[in-house]
Amino acid sequence: MRTKHELSDRGPPSIRNRRLGFLFVVFVAVCAVFGVRHFLQVPDKLLEPVARAMSATGSGGTPSGLSASTPPIPKTISAPKEVVAGQALLPPINTPVKEILGELKILAAAGNANAACRLAFEVQRCSPDYLDSGRRFAAILYEQAEKLFIMPARRQKLIEDAEAAIANQHKMIAFCQGVPNEESTDAWRYLLQAAQAGHGPSMTRFASAPPSGPQFEVLDGLLAYRDHAPALLEKALELGYPEAYEQARLTYKTGSLWGLRVPIDRPRALAYAIALRSVSTPQEIERLEGVVANTKRELSSEENMRALQLADRYAEKLLQRVEPGSVDFTRGTYTKDDGSHCQ
């Protein structure tokens, strides 16, 4: 039996129970806090790219370059890995650019290569130069049509193509309504981001042309093109992208990648043209036959033999990526330009 002194030190049983209950609640609360922090360590690391995008404006949640109307970056994301790798998260094709610009910037800042590709594509086709390209193309077609008055069927086809180009230009102007012109100057940055992340179509597009625009506005892009385009073209060739083959057959025949010097290798250029026939449409094969015949005449028998050997290896890579009869560059390398290559 406890003495009165002992009871006075510890208090009556009811008071002791309340103290124990209070201490237990405190213990559970501490464990809960540290436990939650422990289990959230991995997602916090995965969300660091998004946090960096938010840092430009502190707690406001809007990355630099976005307007105040842009949806804020979410504070939490339930599946961070899907933000980085998920293709289904991209907005639908041919959505007005103003409506998706903020979302694509958030996804690209989080490391989503497909979103970076799509962002580059959307702001590039909303550039003043691109929007005016339809009018310039139509002018060329109308000029050609005027010279074909003795060929009415061909003349009519040129006129129809010109009218379609102008109609498409009007559609694109409406599609890009509200997108600032200066957005297009960063297109190369997004494209390079996607290419360096391993996105094959972005590799070919980055290598296929340097950034366009006022020289001093895209100076960093021109330097980046000089530093990265040749290597990205080689990587796209290794992966078997037909657009890269088309670029390479021109590059190695002339020794120039849009002004960048590369070693002239005409047998290699011929090999890419021969390999492309294995996956091309009949119309494209007809075009390539002329290219192959002209190049063969410029080479020695030994060089032609080397080209055939290389072509077998190149064709094998192509057939692993695209179906026979599916490639047609008769109207340009990137005729289906709707952003679907970013999916």
Is it true that [X] and [Y] make a salt bridge, defined as a side-chain N closer than 4.0 Å to a carboxylate O?
{"X": "E289", "Y": "R277", "answer": "yes"}
{"X": "E238", "Y": "K317", "answer": "yes"}
{"X": "D220", "Y": "R189", "answer": "yes"}
{"X": "R268", "Y": "E303", "answer": "no"}

Taking a hydrophobic cluster as the set of Ile, Leu, Val, Met, Phe, Trp and Tyr residues connected by side-chain heavy atoms closer than 4.5 Å, whether directly or through intermediates, do [X] and [Y] fall within one such cluster?
{"X": "L319", "Y": "L239", "result": "yes"}
{"X": "Y225", "Y": "F121", "result": "no"}
{"X": "V179", "Y": "L131", "result": "yes"}
{"X": "V322", "Y": "L237", "result": "yes"}
{"X": "Y245", "Y": "V327", "result": "yes"}

Testing the basics here: between [X] and [Y], what is the closest heavy-atom pair and its distance to 0.1 Å?
{"X": "S326", "Y": "T281", "value": "C-CG2, 4.4 Å"}
{"X": "T185", "Y": "V218", "value": "O-CG1, 4.4 Å"}
{"X": "Y272", "Y": "Y252", "value": "CE1-CD1, 4.2 Å"}
{"X": "P211", "Y": "W188", "value": "CG-CB, 3.6 Å"}
{"X": "A187", "Y": "V123", "value": "CB-CG2, 3.7 Å"}
{"X": "T204", "Y": "A244", "value": "CG2-CB, 3.8 Å"}

Quiz question: by atom type and distance under 3.5 Å, do the side chains of [X] and [Y] form a donor-acceptor pair?
{"X": "D129", "Y": "S127", "result": "no"}
{"X": "E99", "Y": "T95", "result": "no"}
{"X": "Y334", "Y": "S208", "result": "yes"}

How about [X] and [Y]: do any of their side-chain heavy atoms sit closer than 4.5 Å?
{"X": "R125", "Y": "M172", "answer": "yes"}
{"X": "R118", "Y": "Y190", "answer": "no"}
{"X": "D186", "Y": "S184", "answer": "no"}
{"X": "Q343", "Y": "N114", "answer": "no"}
{"X": "D132", "Y": "Q169", "answer": "yes"}
{"X": "K157", "Y": "E160", "answer": "yes"}
{"X": "P263", "Y": "D265", "answer": "no"}
{"X": "H228", "Y": "Q196", "answer": "yes"}

Checking [X] side chain against [Y] main chain: does a donor-acceptor pair fall under 3.5 Å?
{"X": "T333", "Y": "F329", "value": "no"}
{"X": "R155", "Y": "A145", "value": "yes"}
{"X": "N168", "Y": "A164", "value": "no"}

Q: Run the numbers on Q247 and L233 for side-chain contact (heavy atoms from CB on, under 4.5 Å), then give the verdict.
A: CA-CA 8 Å; Q247 180 62 56; L233 177 61; 4.2 Å; yes

(Q) Restricting to side-chain contact (heavy atoms from CB on, under 4.5 Å), what partner residues turn up for T295, sequence neighbours left out? (A)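 With sequence neighbours excluded, T295 shows a side-chain contact (heavy atoms from CB on, under 4.5 Å) to K253, L270, V291, L299, given in chain and number order.
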
Q | Qualifying residues under side-chain contact (heavy atoms from CB on, under 4.5 Å), relative to P201, sequence neighbours excluded | A |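 P201: side-chain contact (heavy atoms from CB on, under 4.5 Å) contacts with H199, Y241, H341.
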
Q: Please step through side-chain contact (heavy atoms from CB on, under 4.5 Å) for the pair R135 and I166, ending with a clear verdict.
A: CA-CA 6 Å; R135 180 194 60 80; I166 293 176; 5.8 Å; no

(Q) Holding to side chain to side chain donor-acceptor pair (under 3.5 Å), I want the full list of residues that pass it with K296, two or more places apart in sequence or in another chain. (A)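 K296 satisfies side chain to side chain donor-acceptor pair (under 3.5 Å) with no other residue.
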
Once rounded to the nearest 0.5 Å, what's the spacing between atom [atom1] of [X] and atom [atom2] of [Y]?
{"X": "L191", "Y": "F206", "atom1": "CG", "atom2": "CZ", "answer": "6.5 Å"}
{"X": "T251", "Y": "L257", "atom1": "OG1", "atom2": "CG", "answer": "4.5 Å"}
{"X": "R266", "Y": "S300", "atom1": "CZ", "atom2": "OG", "answer": "11.5 Å"}
{"X": "I274", "Y": "N304", "atom1": "CD1", "atom2": "CG", "answer": "7.5 Å"}

For [X], I'd like to know if atom [atom1] has over 12 heavy atoms of other residues, nucleotides or ligands within 6.0 Å.
{"X": "Q156", "atom1": "CD", "answer": "yes"}
{"X": "Q283", "atom1": "CD", "answer": "yes"}
{"X": "Y130", "atom1": "OH", "answer": "yes"}

Q.
Using a 4.5 Å cut-off between side-chain heavy atoms of Ile, Leu, Val, Met, Phe, Trp and Tyr, which other residues end up in the same hydrophobic cluster as L223?
A.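 Joined to L223, directly or through intermediates: none.
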
Q | CA sep, side-chain torsions, deciding dist, call: V279, E284, side-chain contact (heavy atoms from CB on, under 4.5 Å) | A | CA-CA 9 Å; V279 295; E284 175 66 5; over 6 Å; no

**Q.** salt bridge (charged side-chain N to carboxylate O under 4.0 Å, His left out) partners for D312, two or more places apart
**A.**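 Scan of D312 (salt bridge (charged side-chain N to carboxylate O under 4.0 Å, His left out), adjacent residues dropped) gives none.
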
Q | Worked check of side-chain contact (heavy atoms from CB on, under 4.5 Å) between L90 and L104 | A | CA-CA 7 Å; L90 296 187; L104 289 174; 4.2 Å; yes

Q: Would you sort out whether E183 and K105 count as a salt bridge (Lys or Arg N to Asp or Glu O under 4.0 Å), showing the intermediate values?
A: CA-CA 11 Å; E183 289 285 357; K105 284 187 175 183; 3.2 Å; yes

(Q) With disulfide bond (SG atoms under 2.5 Å apart) as the rule and sequence neighbours excluded, what pairs involving residues 127-210 come up? (A)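 Pairs touching residues 127-210 that pass the test: C126-C176.
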
